[in-house]
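Notes to accompany the following structure.
Chain naming here is simple, since letters A, B, ... match the order of the sequence lines and numbering starts at 1 in each.
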Number of protein chains: 2
Amino acid sequence: MLDWDQLAECHKALGDKTRLHILSLLKVEELCVCEIVEVLQITQPAVSQHMRKLKTAKLVRERRNGQWIFYSLDGSIYPFFESIVQTFPDVRNEIEELKKKGLRVLCN
Amino acid sequence: MLDWDQLAECHKALGDKTRLHILSLLKVEELCVCEIVEVLQITQPAVSQHMRKLKTAKLVRERRNGQWIFYSLDGSIYPFFESIVQTFPDVRNEIEELKKKGLRVLCN
DNA sequence: TTCATATATAAGCATATCCTTATATAGCTT
DNA sequence: AAGCTATATAAGGATATGCTTATATATGAA
């Protein structure tokens, strides 16, 4: 069962606009750090630190592929996760923009 | 629709153990500030400030009855609220304790 | 009106958060 | 091994958060 510490940590991780934005992107598809940097236009360390919080809160999982680390959504320990994800704004157009700029290709 | 500001504010309000505790109590039943103070054993201003955050985040509603203000759960603007509430720990025993001590009577 | 009780607000302090820049680590490629 | 790229960590500063004590406001009662 989830205790107060875990619940608070989860919601704390969700309680930041930048991280909600990142999670909304990951809802569309798995992304690596450099792609998220490109979309959000903040520094790479800032993104790394957000990813660490999301990982600690068990809201994302990571998968290394060469020098890239791909992050994807995973809130399977939270019964409410799916219903929260459904409320994320639609950011498919931002991923489309990324692809148009050809930047996704770098990581594949 | 909910935007990122509202979503972040909601989760920020949920991202604190004390507030999760308060919401868990309100899940059992409507309570006034002095009762919450009694259960949590923190100062009255601390509870007041938490209630303000919860109210601003639209997670509770308030109802004045004489000199008491009763708070109750209300996350109706959040589609995921019910599923989050279900994960709150059960604190019915704490309310029972309060009643045994006779402190609930003061407000009724 | 005066007093008592319930709640809210103000001010101040300790700690947490989020960003930045600088540096370290890890994996490719040559 | 040397150099390049992707990511992580460290350090520091500005702002936010959560608590406390002190004070203000609001309601009910005498």
Side-chain angles (χ1 to χ4, degrees), chain A residues 4-5 8-23 25-26 30-57 59-72 98 102-108, chain B residues 4-5 8-23 25-26 30-57 59-72 98 102-108:
Chain A
W4 272 321
D5 280 294
E9 185 178 42
C10 168
H11 290 296
K12 220 171 279 191
L14 290 165
D16 175 84
K17 266 200 281 184
T18 302
R19 283 192 293 272
L20 286 179
H21 196 163
I22 292 172
L23 293 171
L25 291 166
L26 297 182
E30 183 184 61
L31 292 170
C32 65
V33 174
C34 60
E35 295 172 316
I36 297 170
V37 167
E38 184 60 32
V39 175
L40 268 61
Q41 293 290 309
I42 59 176
T43 61
Q44 173 268 318
V47 173
S48 263
Q49 287 158 18
H50 283 305
M51 299 324 290
R52 185 173 44 188
K53 289 206 176 182
L54 292 171
K55 199 175 57 176
T56 302
L59 288 170
V60 303
R61 60 169 165 267
E62 68 181 29
R63 168 178 78 82
R64 178 178 279 279
N65 184 2
Q67 45 190 333
W68 293 279
I69 294 178
F70 287 88
Y71 286 94
S72 52
L98 189 70
L103 288 158
R104 282 239 44 195
V105 184
L106 296 172
C107 314
N108 287 320
Chain B
W4 272 321
D5 280 295
E9 186 179 41
C10 168
H11 290 296
K12 219 172 282 192
L14 290 164
D16 176 85
K17 265 199 283 184
T18 303
R19 283 192 294 272
L20 285 178
H21 196 163
I22 292 171
L23 292 172
L25 291 166
L26 296 183
E30 183 184 60
L31 293 170
C32 65
V33 174
C34 61
E35 295 171 316
I36 297 171
V37 167
E38 184 60 32
V39 175
L40 267 60
Q41 294 290 310
I42 58 176
T43 61
Q44 173 269 317
V47 173
S48 263
Q49 287 158 19
H50 284 305
M51 299 324 289
R52 184 171 47 188
K53 290 206 176 182
L54 291 171
K55 198 176 59 177
T56 302
L59 289 170
V60 302
R61 62 170 165 267
E62 68 180 30
R63 169 178 77 81
R64 178 179 278 278
N65 184 1
Q67 45 189 333
W68 294 279
I69 295 179
F70 286 88
Y71 287 94
S72 52
L98 188 69
L103 288 157
R104 284 237 46 194
V105 184
L106 295 172
C107 313
N108 287 319

### Query
Given C:dC19, is OP1 or OP2 found less than 4.0 Å from the side-chain N or O atoms of A:Thr18?
yes
### Per B:His50 side chain, nearest of listed nucleotides D:dT7, C:dT7, D:dC19
D:dC19
### Task
Confirm from the modelled atom types if B:Gln49 and C:dT7 form a donor-acceptor pair under 3.5 Å, side chain to base only.
no
### Task
Side-chain contact test, heavy atoms from C-beta onward, threshold under 4.5 Å: evaluate it for B:Met51 versus B:Leu26 and give yes or no.
yes
### Query
Nearest to the side chain of B:Tyr71 - C:dT21, C:dA8, D:dT7?
C:dA8
### Query
Side chain of B:Glu35, backbone of B:Cys32: donor and acceptor closer than 3.5 Å?
yes
### Query
Could you give the CZ-to-P distance, from A:Arg19 to C:dA16, as a whole number of Å?
15 Å
#### Entry: Donor-acceptor pair, side chain of B:Arg52 and main chain of B:Leu54, under 3.5 angstrom
no
### Between P of C:dT7 and CG of B:Leu54, the distance in whole Å
15 Å
### Message
Without decimals, in angstroms, what is the distance between B:Arg52 CZ and C:dT9 P?
### Response
5 Å
### Query
Counting distance only, does the side-chain N/O of B:Arg19 pair as donor-acceptor with the main-chain N or O of B:His21 below 3.5 Å?
no
### Message
Any non-hydrogen side-chain atom of A:Arg63 less than 4.5 Å from a side-chain atom of A:Glu30?
### Response
yes
### Message
Heavy atoms from C-beta onward define the side chain here; which of C:dC18, C:dA10, D:dC19 lies closest to that of B:Pro45?
### Response
C:dA10
#### Entry: Distance in angstrom units between A:Phe70 CZ and C:dG27 P, rounded
15 Å
### Query
Closest to the B:Trp68 side chain: D:dT7, D:dG18, C:dT7?
C:dT7
## Note on the structure
Taking for A:Arg64 and for A:Ile42 the nucleotide of DNA chain C with the nearest heavy atom, the one nearer the 5' end belongs to A:Ile42
### Query
Between C:dC19 atom C1' and A:Leu40 atom CG, what is the distance in whole Å?
13 Å
### Query
Which is true for B:Lys53 with a 4.0 Å heavy-atom rule: it touches a base, it touches only sugar-phosphate, or it touches nothing?
sugar-phosphate
### Minimum-distance nucleotide (side-chain atoms of B:Ala46 versus D:dC19, C:dT20, C:dA8)
D:dC19
### Task
Would you mind telling me which residue lines up with the more 5' stretch of DNA chain D, A:Met51 or A:Gln67, judged by nearest nucleotide?
A:Gln67
### Task
Measure from CG on B:Asn65 to C1' on C:dT5 and round the result to the nearest Å.
14 Å
### Query
Does D:dT20 have OP1 or OP2 sitting under 4.0 Å from an N or O in the side chain of B:Thr43?
yes
### Query
C:dT9 P sits how many Å from B:Gln44 CD, rounded?
11 Å
### Query
In whole angstroms, how far is the C1' atom of D:dA6 from the CD atom of A:Glu35?
12 Å
